[in-house]
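Here is the structure we will look at.
Just so we're on the same page: letters track the sequence lines, and every chain starts at 1.
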2 protein chains.
Amino acid sequence: MATIDDVARAAGVSISTVSYALSGKRPVAVDTRRRIQAAIDELGYRPNAGARMLAGRRTRIFALTEPLRLDTHAPTHMAFVLATAIAARKVDYDVLLLTDAETTTGMQRVADSALADAVLVLDVAPDDDRVALARRIPVPSVFIGVPDDHDGLVCVDLDFEAATIEAVDRLAALGHRRIGMLGHPEVSYDRSNFPPRVREAFRRRADDHGIAHDFRHTGVGATSTSAVRQGISEMLDAGATAILLHCSDTCHAIALAALDARGLDVPTDISLISVGSSFDTATLTTPIDALPLIPEESCERAVALAMACLDDGRCAPGVHLIPPTYRSHASIAPPPAAARRAG
Amino acid sequence: MATIDDVARAAGVSISTVSYALSGKRPVAVDTRRRIQAAIDELGYRPNAGARMLAGRRTRIFALTEPLRLDTHAPTHMAFVLATAIAARKVDYDVLLLTDAETTTGMQRVADSALADAVLVLDVAPDDDRVALARRIPVPSVFIGVPDDHDGLVCVDLDFEAATIEAVDRLAALGHRRIGMLGHPEVSYDRSNFPPRVREAFRRRADDHGIAHDFRHTGVGATSTSAVRQGISEMLDAGATAILLHCSDTCHAIALAALDARGLDVPTDISLISVGSSFDTATLTTPIDALPLIPEESCERAVALAMACLDDGRCAPGVHLIPPTYRSHASIAPPPAAARRAG
DNA sequence: TTGAAAGCGGTACCAT
DNA sequence: ATGGTACCGCTTTCAA
């Protein structure tokens, strides 16, 4: 490959001018810049990554740690990885993958060897091992998700509480007096950081409105269908006129099928809102209103925060919550007249 | 961070000795080596990645290109990414992610800037754009999958033909005379490189044995259940006594449910073999014999081939097929007596 | 068995 | 607006 010397010679300038023309950190005369660009194009020059890291003390690489646990939902996870990669490229950064056992030892290794400028932490657990590590290593890190102990850390996440509250409020405003919620499988409430936040907000807000509420977990794998069906049945039997969904796409589909099987129409007979889903609820057999978790938003914000750390050293520790957006697909309406009388 | 100078000073040796102690490329006296190691431990020294890349002309990074198309099966894909990362770490390499639009432009960029020593190509399409690129860029690449035009390329894959042939042979040996195969959705036969190879091998080998064969595609998404059920029904009605499965885990589950619904027992009434599946067929409601596609095997082989290129420049172009292994779970048996008489 | 020193290919400071 | 050059931290040749 051509080096910066080749370019300088071809353009008839010094290497520092080439360097400055590339970085823009110093004004370069227009036609000088043109000659340099021509040389670059002709030679197919690309700055050597290693040399740049060494001289510039910048790797232009983010390390992305992802445990890839067995219970990780692959499609959601992939969406986050992809979103991170795209967000990184927008600021001219690459992404280095740290998986499995390497999530912890790898963070240390990558930080110590200056292989990455910052670490992005995915798939955050409430008691995540990477919290302690993040505090120790010499490079900044940004958590996409909020661990229990997040003192001094930089965290990004959807504002799940706000999303849940908005969902409950909308139903309350329409006159619903009994609402249910279908949550994730029970284990997720220990392993993951956000489901408990949604559950709590749901109960509290419903209480605030004086609305009867009924939260139910869903099952995993083969048990999911029956668990969802049963949950739905019991909620309906108890008189629920609206259901919030905070669970997998499969669970959404099963719920819709169950309602359909009972001959219920959405939203005439029952209102539905999906909270914090990261798939498109508009493409379900019946589109559902949603306050979605958008990987692109979280990841772009995370990258922006990381860049701020690097550029000005302004690391903005704290939990950066992304305000939810309501996407309407006509899946909510006032409760049926019968329920209003009964309620 | 500590540098190699710090270590050298602390150990009372020159930096070249430290370097050689680390790389092992030159003998170092035992106690010298001990003193150096002590200094390294105490200082928490880790060689600077950028400096190493520059001086050593080795990045110790593999670029992993993965298109992440919409039709990509997320769990399978994740398994391959994970397997690649683990295999890479075993040889002290890291993995840089090239996704989406970056799969092609990124390959060029990473190669030109010497950000990676080699490129690993995942999710290979029959007419993959990355083929032309691989031939042009200045770093070696290894395809995990076989594109149509693979002249001069290094490719690794399960020997799908051999797997299919072994499956057919086993059924033939047991006396089956009518066998069916449930394949992937039709689109996959254009977008992916291996399904056609299985389909062809199936038909050819069955013909060789003089066995009646019936290949059927499955559907995608919501249509899959009905497509699988119908396919199974028609195969059984035509007298099939064994079915090969070369499709998703969901499709396997639906097939088992369909057989169960017809009151058929595996393997007494019907024999099943799964070909090229990358999930565990032993954990299905009825365990199924399999000639699995093992991501770990493919990825380790790919990494080994890449390393061979780098170490000795011996790049072994060609298609490196991994011989299949038969995993028995008691899902095949001779055809029922009735079928034998009828056949 | 070990040390000295010349790069590797950039960045950025100090001059002009 | 541009050029010269001292590093960045390591690998590897050449010498001893």
Side-chain angles (χ1 to χ4, degrees), chain A residues 1-37 39-40 43-61 92 110-115 117 138 310-311, chain B residues 1-37 39-40 43-61 92 109-117 138 310-311:
Chain A
M1 284 305 310
T3 72
I4 197 172
D5 285 284
D6 301 328
V7 175
R9 203 169 311 124
V13 297
S14 72
I15 62 165
S16 50
T17 301
V18 175
S19 179
Y20 284 118
L22 249 35
S23 69
K25 292 189 182 174
R26 187 165 93 171
V28 171
V30 188
D31 65 305
T32 307
R33 149 169 277 122
R34 264 208 321 91
R35 290 205 323 278
I36 292 176
Q37 190 54 53
I40 288 177
L43 296 169
Y45 168 73
R46 275 271 167 67
N48 178 284
R52 251 174 134 176
M53 292 184 200
L54 182 56
R57 287 108 185 294
R58 277 246 181 164
T59 63
R60 288 154 194 275
I61 290 179
D92 198 30
V110 158
D112 287 346
S113 59
L115 225 189
D117 296 335
L310 301 177
D311 288 341
Chain B
M1 284 305 311
T3 72
I4 197 172
D5 285 283
D6 301 326
V7 175
R9 205 169 309 125
V13 296
S14 73
I15 63 165
S16 51
T17 301
V18 175
S19 179
Y20 284 118
L22 249 36
S23 70
K25 293 189 180 174
R26 186 167 93 171
V28 171
V30 187
D31 64 305
T32 307
R33 150 170 275 123
R34 263 208 321 91
R35 290 207 319 281
I36 292 175
Q37 190 55 53
I40 288 176
L43 296 168
Y45 169 73
R46 275 267 169 68
N48 177 284
R52 253 174 132 174
M53 292 184 199
L54 182 56
R57 285 109 188 296
R58 274 239 183 175
T59 63
R60 291 156 194 272
I61 290 178
D92 199 30
R109 182 174 58 80
V110 158
D112 288 346
S113 60
L115 225 188
D117 296 335
L310 301 177
D311 289 340

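- Rounded to an integer number of Å, the gap from CD1 of B:I40 to C1' of D:dC10 is 13 Å.
- With rounding to whole Å, B:I36 atom CD1 is found 13 Å from C:dT1 atom P.
- Taking the side chain as every heavy atom from C-beta outward, A:L310 and A:R60 never approach each other to under 4.5 Å.
- Here D:dA1 presents its P atom at 17 Å from CZ of A:R34, a figure rounded to the nearest Å.
- In this structure, B:N48 and A:M53 have side chains that are not in contact, with every pair of non-hydrogen atoms separated by 4.5 Å or more.
- Contact annotation: B:K25 side-chain N/O to D:dT12 OP1/OP2 distance is under 4.0 Å.
- Where B:D31 and B:L54 each meet DNA chain C at their nearest nucleotide, the meeting point lying more 5' is that of B:D31.
- Atoms CG (B:D117) and P (D:dT11) sit 14 Å apart, rounded to a whole Å.
- With 3.5 Å as the limit, one finds a donor-acceptor pair spanning the side chains of A:T17 and A:S14.
- Separating the OH atom of A:Y45 from the C1' atom of C:dG10 is a distance of 7 Å, rounded to the nearest angstrom.
- For A:Y20 against C:dC13, a side-chain-to-base donor-acceptor contact under 3.5 Å is present.
- For DNA chain D, the neighbouring residues in residues 7-19 of chain B, judged by any heavy atom under 4.0 Å, are B:I15, B:S16, B:S19.
- For B:R58 and D:dT12, the CZ to C1' distance is 14 Å, given to the nearest whole Å.
- Counting only heavy atoms from C-beta outward, the side chains of A:I36 and A:V7 approach each other to under 4.5 Å.
- Annotation: side chain of B:D6 is in contact with side chain of B:R9 (closest heavy-atom distance under 4.5 Å).
- Using a 4.0 Å heavy-atom criterion, one finds that B:S23 contacts no nucleic acid atom at all.
- Rounded to an integer number of Å, the gap from B:R52 CZ to D:dG9 C1' is 11 Å.
- Atom P of nucleotide D:dA6 and atom CZ of A:R57 are separated by 17 Å, given to the nearest angstrom.
- Map B:N48 and B:R26 each onto its nearest nucleotide of DNA chain D; the residue landing nearer the 5' end is B:N48.
- For B:A29, taking side-chain heavy atoms from C-beta onward, the closest of the listed nucleotides D:dT2, C:dC8, C:dT2 is C:dT2.
- To the nearest 0.5 angstrom, A:M1 atom CE is 4.5 Å from B:D112 atom CG.
- Between A:L22 and A:I4, every side-chain heavy-atom pair lies at or beyond the 4.5 Å cut-off.
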